[in-house]
**Q** 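Please find one structure pasted underneath; my questions will follow.
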Amino acid sequence: MSVKYLGEAYEYPSANRLEQYGGDINVYVRWERHLMFACPAAYRVPVAMSFGDFVEQLLRPDYAAHPDTAKLEFARCVWQLDKAPWQPVFSKSIADNGIGHMSYLSFSSPGLDGLHGKGY
Amino acid sequence: MAKGRKLGLKERYALMTRGLDWETSYQPMDEVFPYDRYEGIKIKDWDGWADPFRLTMDAYWKYQAEKERKLYAILDAFQQNNGQLNISDARYLSAVKLWLQGITPLEYAAHRGFAHAGRAFRGAGARIACQMQSIDELRHAQTQLHAFSHYNQYFHGFHGFAHMRDRAWYLSIPKSFFEDAMTAGPFEFVTSISFAFEYVLTNLLFMPFVSGAAYNGDMATTTFGFSAQSDESRHMTLGLEVVKFMLQQHEDNVPIVQAWLDKWFWRGYRLLGLVGTMMDYMLPKKVMSWQEAWGIYWEENGIALFHDLARYGIRLPKHHDVPAKEKHRLTHEMWLTLYQYGNALSLHTWIPDDDELDWMSDKYGASFDELYRPRLIYLREREQRGERYFNNRLPMVCQVCQIPMFYTEPDDPLTQCVRIVEAGGTKHHCCSDGCADIFRHEPEKYVQALLPPQQIYRGEAGGARDIWEYAAWLHLEKDVDTGEYRGSPDQQNWARWQQAHRTKPADAA
């Protein structure tokens with residue numbers, strides 16, 4: 001389906017385009033069964049950053065409030081990229097891992113099931 | 001001047017609506033009214049439009065002026081008698097702040113939207129009904145501002161509603177809802193606002209808020225609520241009238257109207273989550289739970305209404321059964337979200353007291369006790385040991401409803417619901433199948449959405465680099481306007497005033 005409109009054409013750019021990020025990209029991340037972080041989180045990241053640096057320098061501090069974070073090992077987590085199974089290489093860059101603008105990453109942490117084991 | 005015969009209501013209505021209208025001759029009617037055809041709605045006879053109230057402009061002014069005099073007399077009395085001291089608790093004012101910031105600007109937006117719709121319709125009856133509603137909505141925005149302004153003298157967080165309307169992440173939810181409607185054609189606009197929102201869902205908006213205000217001792221809000229009530233019933237009637245009118249005019253209109261009802265039911269439901277959260281969490285004295293309200297006003301009344309429309313070929317809106325799966329958790333999930341992002345809200349958040357938690361256990365039963373009560377108690381314990389929880393990372397928000405994506409899967413309360421939709425080679429994200437359907441129907445429209453977290457990362461929020469700088473850009477003072485209620489200046493002032501109020505000698509002036 002598409003918009004009904006008056007006039008010649010209905011053509012407007014997306015509001016969140018790659019070229020607006022100065023070489024960075026906008027990505028989203030969720031930690032499964034840790035609803036203390038109520039929503040998947042939004043990031044702006046340089047594509048040359050290694051995936052290992054991304055998870056340790058950006059994700060880990062964001063998760064500091066959760067008691068599970070001390071035991072969290074990103075390399076042992078089960079990852080998905082855009083809802084499909086995916087294995088990141090931590091030494092490689094964001095771009096070389098195939099993560100693009102508006103990608104959505106999620107991971108579960110076997111053995112860590114949220115507060116009281118109830119997904120929070 | 002000779003006195004003529006007094007006109008009957010019907011005759012007067014005909015003269016003051018149709019009688020004032022004419023067919024244009026210098027320009028074709030289609031050129032004068034270009035907007036009322038492009039949506040595909042076919043109207044054979046505009047005279048088929050009948051205003052059940054037969055209200056004419058002269059009578060309208062008289063009625064409204066009378067209501068205005070009564071309202072302002074009561075507001076004066078409220079202000080002169082320090083009415084702010086009679087509310088149940090200062091926490092109640094978070095509900096008022098949310099209304100002022102989120103809903104009052106919608107009244108103004110409705111004023112603009114109905115002015116536009118009124119200009120767009122070629123039928124005089126519809127034009128005049130829209131004109132009156134446009135003026136009503138402007139009046140509602142004004143009376144709400146006047147009623148709430150008294151609280152601005154005594155409490156924080158009321159100061160920046162107009163500044164924040166175009167900037168604050170949580171206010172983009174109601175703002176984008178209305179702008180979606182206003183950027184549609186006039187028939188979709190009146191279907192969305194007059195029918196889906198005002199007719200089908202309005203009880204869920206006004207019942208908790210106005211009854212909640214009365215229950216919590218807020219005379220100012222209660223009074224404007226009553227003053228707006230007769231307008232609202234006229235708006236509801238317009239909503240039903242416009243939908244029936246479209247359905248009766250041509251069978252080709254039925255699928256178009258159905259698609260709008262599908263869309264606006266879902267959008268309205270998503271928006272009302274904020275009101276549900278207000279009911280369950282922000283009212284210190286509770287009226288009824290969101291779950292109960294949804295049961296009465298949608299599952300009983302709303303569904304019965306749709307059964308009445310079945311004779312026109314209308315079925316229940318798509319995804320109408322999903323809210324039933326979410327009704328026991330919606331407000332808890334939303335409050336836990338507001339609580340953790342309370343660092344950028346112009347209202348306070350808190351963990352409810354034990355008696356309130358007991359009320360929730362009573363209303364929501366096992367799922368509350370299993371999932372949400374332990375979370376609330378955990379957060380309270382953190383706060384008590386000086387580790388009040390805030391989330392400092394910007395959330396992912398839905399491309400359609402713009403609500404931070406806290407909703408869980410309809411059949412799994414432990415997994416957040418994320419739907420990936422694509423347009424023009426780019427991925428976007430929706431909070432639900434309902435919002436994803438709306439996106440897929442008009443992707444070119446929704447890719448233009450300005451989502452606050454993305455605006456911040458693009459540097460379009462005053463250059464703010466994190467949530468604290470962003471809050472400052474909203475003109476929010478940390479720990480004064482925002483954050484935790486306990487220990488806030490509002491809470492401390494309230495305690496002091498209550499003490500003074502209680503110890504005042506009974507015979508003091």
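Since the structure is predicted, the reported quantities are computational estimates derived from the model, not experimental observations. Numbers restart at 1 for each chain; the letters A, B, ... are given by sequence-line order, proteins then strands.
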**Q** Tell me, for B:Q340 versus chain A, whether the close heavy atoms (under 4.5 Å) come from the side chain, the backbone, both or neither.
**A**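 Side chain only.
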
**Q** In terms of heavy-atom proximity below 4.5 Å to chain A, should B:I456 be classed as side chain, backbone, both, or neither?
**A**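 Contact with chain A is absent: no heavy atom of B:I456 under 4.5 Å.
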
**Q** Can you name the closest pair of heavy atoms from B:P395 and A:A42 and give their distance?
**A**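 Answer, listing the atom of B:P395 first, then A:A42: O-CB, 3.9 Å.
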
**Q** Picking from B:T408, B:V418, B:N392, B:L450, which has the most non-hydrogen pairs under 4.5 angstrom with chain A?
**A**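 Highest number of heavy-atom pairs under 4.5 Å: B:V418.
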
**Q** Check whether any side-chain heavy atom of A:K118 sits under 4.5 Å from a side-chain heavy atom of B:L414, and report yes or no.
**A**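 The answer is no, as the side chains (C-beta and beyond) never meet within the 4.5 Å cut-off.
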
**Q** Between B:T337 and chain A, with a heavy-atom cut-off of 4.5 Å, which part of the residue counts as in contact: side chain, backbone, both or neither?
**A**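 Both backbone and side chain.
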
**Q** Please report the closest heavy-atom contact between A:A15 and B:A449, naming both atoms and the distance.
**A**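 Of all heavy-atom pairs spanning A:A15 and B:A449, the closest is CB-O, 3.3 Å.
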
**Q** Is the shortest side-chain heavy-atom distance between A:Y104 and B:H429 below 4.5 Å?
**A**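 Side chain of A:Y104 against side chain of B:H429, heavy atoms only: contact under 4.5 Å found.
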
**Q** Checking B:Y389 against chain A: side chain, backbone, both or neither under 4.5 Å from a heavy atom?
**A**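 Contact with chain A: side chain only.
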
**Q** A side-chain contact here means heavy atoms from C-beta on lying under 4.5 Å apart; do B:E422 and A:M102 qualify?
**A**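 With C-beta onward as the side chain, the pair stays apart.
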
**Q** With a 4.5 Å limit on heavy-atom distance, are the side chains of B:I420 and A:D82 in contact?
**A**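 Yes; the side chains approach each other to less than 4.5 Å.
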
**Q** Determine the option with the most heavy-atom pairs under 4.5 angstrom with chain B, choosing from A:H34, A:R33, A:R17, A:M36.
**A**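 That would be A:M36.
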
**Q** Is B:R465 in contact with chain A via its backbone, its side chain, both, or neither, using a 4.5 Å heavy-atom distance?
**A**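 For B:R465, no heavy atom lies under 4.5 Å from chain A.
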
**Q** Report which part of B:R37 has an atom under 4.5 Å of a heavy atom belonging to chain A: side chain, backbone, both, or neither.
**A**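 Contact with chain A involves no heavy atom of B:R37 at all.
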
**Q** Evaluate the side-chain proximity of A:Y63 to B:R393: yes if any heavy-atom separation is below 4.5 Å, no if none is.
**A**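 Not touching, per the 4.5 Å side-chain cut-off.
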
**Q** Determine the minimum heavy-atom distance between B:R382 and A:A65, stating which atoms define it.
**A**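 Of all heavy-atom pairs spanning B:R382 and A:A65, the closest is NH1-O, 2.8 Å.
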
**Q** Please report the shortest heavy-atom distance between A:Y21 and B:Y457, naming the atom on each side.
**A**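 Looking at all heavy atoms of both residues, the shortest contact is CE2-CB, 3.9 Å.
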
**Q** If you count heavy-atom pairs within less than 4.5 Å of chain B, which of A:A41, A:G119, A:P13 leads?
**A**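 Ranked by contacts with chain B, first place is A:A41.
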
**Q** Select, from A:Q20, A:K83, A:R30, the one with the greatest count of heavy-atom pairs under 4.5 Å involving chain B.
**A**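 With the most close heavy-atom pairs to chain B, the winner is A:R30.
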
**Q** Okay, side chain of B:Q416, backbone of A:A38: is any donor-acceptor separation there less than 3.5 Å?
**A**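 A pair under 3.5 Å: yes.
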
**Q** Measuring heavy-atom distances to chain A, does B:Y378 have an atom under 4.5 Å in its side chain, in its backbone, in both, or in neither?
**A**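 Contact with chain A: side chain only.
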
**Q** With a 4.5 angstrom heavy-atom cut-off, could you sort out which part of B:L338 is near chain A: side chain, backbone, both or neither?
**A**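 Interface part for B:L338: neither.
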
**Q** Please classify the contact of B:E460 with chain A as side chain, backbone, both or neither, using a heavy-atom distance under 4.5 Å.
**A**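 Interface part for B:E460: side chain.
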
